[in-house]
**Q** 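I am attaching a structure below and will ask some questions about it afterwards.
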Protein chains: 2
Amino acid sequence: MREDVSLATVAARAGVSVSTVSRIVNGQTRRASPATVARVRDAIEAVGYRPNPVGRALQRGQSQLVAMIAANLDNPAMATIASSTETALREAGYVMILCDTHDRAELQDEYLFAMRAQMVRGYVLVAAVPSPGLSELSTSGAPTVFVNRRNPSGSGPFVGIDDAAAGAAVADYFADLGRRVPAVVFPRLSSSASRDRVSGFLARLRERGWSDEAIVRADGEGRSHLQVGYDAGARIFDGRDRPDAILCVSDQIAYGVNRRALECGLKIPGDCELVSIDGTPLNKWVAPWLKSIEIPYAVYGAEIVSGLQLIWRGEPFGERLLPCKFG
Amino acid sequence: MREDVSLATVAARAGVSVSTVSRIVNGQTRRASPATVARVRDAIEAVGYRPNPVGRALQRGQSQLVAMIAANLDNPAMATIASSTETALREAGYVMILCDTHDRAELQDEYLFAMRAQMVRGYVLVAAVPSPGLSELSTSGAPTVFVNRRNPSGSGPFVGIDDAAAGAAVADYFADLGRRVPAVVFPRLSSSASRDRVSGFLARLRERGWSDEAIVRADGEGRSHLQVGYDAGARIFDGRDRPDAILCVSDQIAYGVNRRALECGLKIPGDCELVSIDGTPLNKWVAPWLKSIEIPYAVYGAEIVSGLQLIWRGEPFGERLLPCKFG
DNA sequence: ACATCTTTGGCAAACGTTTGCCAATCTGTC
DNA sequence: GACAGATTGGCAAACGTTTGCCAAAGATGT
């Protein structure tokens with residue numbers, strides 16, 4: 001309907017100046033008499049005024065936009081994070097811009113630049129990759145929350161899980177189950193999350209009596225975790241020491257490993273127990289053979305946004321490790 | 001680095017006025033002497049000037065933002081559409097805002113309003129739902145592309161597949177295979193896409209000799225297609241006429257049906273052929289038992305953006321039906 | 001009656017950009 | 001040497017908002 005309702009429209013109708021309306025819109029009711037406030041409020045209602053975010057952003061030097069820069073939207077886990085964050089941001093009155101870096105540093109930098117130009121109010125970096133622009137961002141002090149992977153260039157607010165503990169929990173599970181030849185599969189392009197999961201797993205196994213050589217480690221190349229699992233699976237299942245329990249650091253890796261296992265004629269979980277860390281809801285529909293540490297991605301959004309709000313208020317926000325369920 | 005490089009910075013350095021720089025930035029080189037142009041270009045380079053999209057949007061009454069309003073990001077198909085669209089938009093110099101409506105009309109309207117306030121340059125509606133705001137949008141003539149589901153309130157540019165043909169292809173497949181009791185599963189909350197797929201399937205079966213009563217139809221309630229399939233599966237497999245071939249209008253429905261089939265002790269595809277329409281890449285990893293009409297979601301982005309560009313240039317763009325592969 | 005303080009509200013600048021219009025300078029022609 | 005026309009570039013307004021500052025009142029105290 002009204003395309004052009006601005007402060008001026010309201011001001012004209014209420015017979016006051018633009019400044020007065022602006023102040024009232026922003027809650028400074030003390031700067032006007034109650035009568036004026038009422039008159040202005042009526043006018044706002046009557047013409048259906050809504051503040052223009054663009055004008056506001058220009059003046060304030062800051063928009064209501066929050067940039068989510070994610071490594072790969074095709075990964076259901078990230079899609080869930082994006083979705084829950086978007087919901088939480090909307091409820092808090094912000095608007096999310098979504099950028100998919102395909103895990104590539106130069107794209108990440110391109111987005112970082114573009115987002116600064118948009119005067120975004122904050123950054124949510126899901127599985128960030130090291131890059132020049134990112135170091136610059138960290139030193140600039142812009143409000144930033146890292147998700148899943150910690151800041152690869154320095155420290156910074158973090159939302160995720162206790163990755164080492166998750167790895168250790170799987171180690172305990174395998175040990176308690178009486179498995180003898182544990183293995184772990186992870187991407188060669190390693191992130192803090194992968195590293196911590198693997199090292200937590202290895203450390204606990206060591207505590208429980210395994211020697212380092214007794215644990216099969218297999219990585220896979222490339223950005224697709226599905227392919228990583230499939231490739232690593234080939235080497236694992238062809239090797240002499242065929243494992244009877246495998247930790248996959250992500251669901252998608254487990255999908256790849258499982259497919260290779262089927263091709264090798266193995267029964268999962270009969271011949272080999274498979275456990276992954278992610279536990280996306282799709283698992284119980286299409287991969288009931290997969291046990292998982294369930295990461296509560298659906299609540300990430302709320303945590304991320306409350307972290308951002310803390311940062312905006314100048315309060316400290318170090319990290320938030322969310323509890324996982326083993327299901 | 002430079003936080004505050006504006007036209008004024010460049011102008012000062014090049015010793016010209018802001019207007020001159022603005023014109024040169026926008027390619028109007030005829031309004032300045034070659035010498036001036038060179039000097040300004042050098043200055044732009046030197047200070048690393050990048051136009052501020054906010055100032056520009058305010059002046060032009062239109063931003064570089066494009067709103068994607070999607071029904072449910074947790075659905076991998078939509079995530080792929082979002083991802084490919086985002087890539088195509090970035091390559092064309094635009095920035096995508098992502099909104100997840102969770103298939104709810106009131107949220108869709110909230111977003112439609114918010115996006116108009118952001119002066120977005122266009123709208124991409126993935127699986128739009130009927131709503132007052134949407135009818136208003138259609139009549140307003142704002143650049144809009146509908147994806148997957150046609151405009152529920154009127155007509156409008158559309159990117160998708162030939163849904164009826166896809167349904168018919170599955171019917172032919174079942175018939176050629178010699179299956180006797182075909183079934184179709186679809187969500188009760190129906191969209192143009194679901195409806196056309198189902199009716200194309202039924203029509204072709206009729207042509208090939210089936211009577212309407214001989215075809216099992218089952219729908220399921222709710223927004224989760226997984227649940228839709230699971231619930232409909234219960235009724236299908238408990239019925240007397242157990243089908244030997246089922247068309248599921250989406251992958252997720254097939255996942256749900258399959259799970260129910262397993263629980264009923266059926267073998268897929270031995271006891272019952274399952275075919276879905278979607279064919280997301282995940283299928284071959286986690287659901288190799290599922291045959292699909294493969295919708296090329298990964299190329300939707302390019303089609304959507306070229307459609308938008310046509311509309312922006314004032315050229316006509318009716319619909320673009322992409323070819324599918326049966327795999 | 002005067003000084004002082006508070007209330008109420010407007011003016012105008014600023015954010016960064018674009019663009020219509022006007023002014024100065026240059027080129028060429030008569 | 002004067003005039004038309006083209007070239008080159010700046011001024012200023014506009015987009016919608018926020019906010020420092022000032023001014024006109026009214027309220028209070030002496």
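In the text below, chain A, chain B and the rest are named by the order of the sequence lines, each starting its count at 1.
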**Q** Counting the atoms with a prime plus P, OP1 and OP2 as sugar-phosphate, which does A:Ser19 contact under 4.0 Å by heavy atoms, base, sugar-phosphate, or nothing?
**A**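 Touches a base.
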**Q** What is the distance, rounded to the nearest whole Å, between atom CG of B:Leu58 and atom P of C:dC15?
**A**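 It works out to 14 Å between those atoms.
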**Q** Side chain of B:Pro34: nearest nucleotide among D:dG10, D:dT8, C:dT17?
**A**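 The nucleotide sitting nearest to the side chain is D:dT8.
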**Q** Does a side-chain N or O from B:Ser22 land closer than 4.0 Å to OP1 or OP2 of C:dT18, or not?
**A**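 B:Ser22 to C:dT18 OP1/OP2: side-chain N or O found under 4.0 Å.
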**Q** Atom CZ of B:Arg39 and atom C1' of D:dT8: how far apart are they, to the nearest Å?
**A**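 Going from B:Arg39 (CZ) to D:dT8 (C1'), I get 12 Å.
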**Q** Looking at every strand, decide which applies to B:Val25 at a 4.0 Å heavy-atom threshold: base, sugar-phosphate, or nothing.
**A**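 Since no nucleic acid heavy atom lies under 4.0 Å of B:Val25, the category is nothing.
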**Q** From D:dA14, C:dA14, D:dG10, pick the nucleotide closest to the side chain of A:Gln59?
**A**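 Shortest atom-to-atom distance from the side chain points to C:dA14.
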**Q** Below 4.0 angstrom from OP1 or OP2 of D:dG9, is there any side-chain N or O of B:Thr20?
**A**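 No, no such contact exists.
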**Q** On the nucleotide C:dT18, are OP1 or OP2 found under 4.0 Å from the side-chain N or O atoms that B:Asn26 carries?
**A**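 Yes, within the criterion.
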**Q** Hey, would you say the B:Phe317 and B:Trp312 ring centroids sit under 6.0 Å apart?
**A**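 Ring-ring flag for B:Phe317/B:Trp312: false, centres at least 6.0 Å apart.
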**Q** Quick check: closest heavy atoms across A:Ile304 and A:Thr85, and the distance to 0.1 Å?
**A**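 Smallest heavy-atom distance, with atoms named: CD1-OG1, 3.5 Å.
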**Q** In whole angstrom, give the distance that lies between atom CG of B:Leu7 and atom C1' of D:dA13.
**A**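 After rounding, the gap between these two atoms is 16 Å.
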**Q** Any N or O donor-acceptor pair linking the side chain of A:Ser6 to the base of D:dC15 at under 3.5 Å?
**A**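 No, the side chain and the base share no sub-3.5 Å donor-acceptor pair.
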**Q** Should A:Thr36 be listed as having a side-chain N or O under 4.0 Å from OP1 or OP2 of C:dG9?
**A**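 True: A:Thr36 side-chain N/O within range (under 4.0 Å) of C:dG9 OP1/OP2.
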**Q** Are A:Ile69 and A:Leu112 close enough, and set up right, to give a side-chain contact (heavy atoms from CB on, under 4.5 Å), and what steps lead you there?
**A** CA-CA 8 Å; A:Ile69 301 191; A:Leu112 253 17; 3.2 Å; yes
**Q** Does the side chain of A:Tyr123 come within less than 4.5 Å of A:Met68's, by heavy atoms?
**A**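 No; the side chains remain at least 4.5 Å from each other.
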**Q** In whole Å, I'd like the distance from the CD atom of A:Gln64 to the P atom of D:dT18.
**A**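 Going from CD in A:Gln64 over to P in D:dT18 covers 10 Å.
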**Q** Without hydrogens or angle criteria, can the side chains of B:Ser19 and B:Ser22 be said to hold a donor-acceptor pair below 3.5 Å?
**A**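 No, B:Ser22 and B:Ser19 have no side-chain donor paired with an acceptor closer than 3.5 Å.
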**Q** Under 4.0 Å, heavy atoms only, any strand: does A:Val54 hit a base, just the sugar-phosphate, or nothing?
**A**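 Counting heavy atoms under 4.0 Å across all strands, no contact is made by A:Val54.
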**Q** Would you kindly compare A:Pro51 and A:Arg23 by the position of their nearest DNA chain D nucleotide and give the one closer to the 5′ end?
**A**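 On the 5' side of the pair lies A:Pro51.
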**Q** Regarding C:dG16, can its base be found pairing with the side chain of B:Arg56 as donor and acceptor, where the two atoms are less than 3.5 Å apart?
**A**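 Donor-acceptor pair under 3.5 Å: no.
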**Q** In whole angstrom, what separates B:Ile24's CD1 from D:dT8's C1'?
**A**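 Atom CD1 in B:Ile24 sits about 11 Å away from atom C1' in D:dT8.
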**Q** Find the distance A:Arg31:CZ to D:dA23:C1' and express it as a whole number of Å.
**A**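 Rounding to the nearest Å, CZ of A:Arg31 and C1' of D:dA23 are 12 Å apart.
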**Q** Would you say the side chain of A:Arg60 and the base of D:dG16 hold a donor-acceptor pair, judged only by whether the two atoms sit under 3.5 Å apart?
**A**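 Checked by distance alone, the answer is no.
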**Q** Rounded off to whole Å, could you give me the CG-to-C1' distance for the B:Asp4 and C:dA14 pair?
**A**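 Roughly 14 Å, once rounded to whole Å.
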**Q** Side-chain donor or acceptor of A:Ser17 under 3.5 Å from a matching atom on the base of C:dC11?
**A**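 Checked by distance alone, the answer is no.
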**Q** Could you give the CD-to-C1' distance, from B:Gln28 to D:dG10, as a whole number of Å?
**A**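 Rounded to whole Å, this separation is 15 Å.
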**Q** Without hydrogens or angle criteria, can the side chains of A:Ser84 and A:Thr87 be said to hold a donor-acceptor pair below 3.5 Å?
**A**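 Distance-only check fails for A:Ser84 and A:Thr87.
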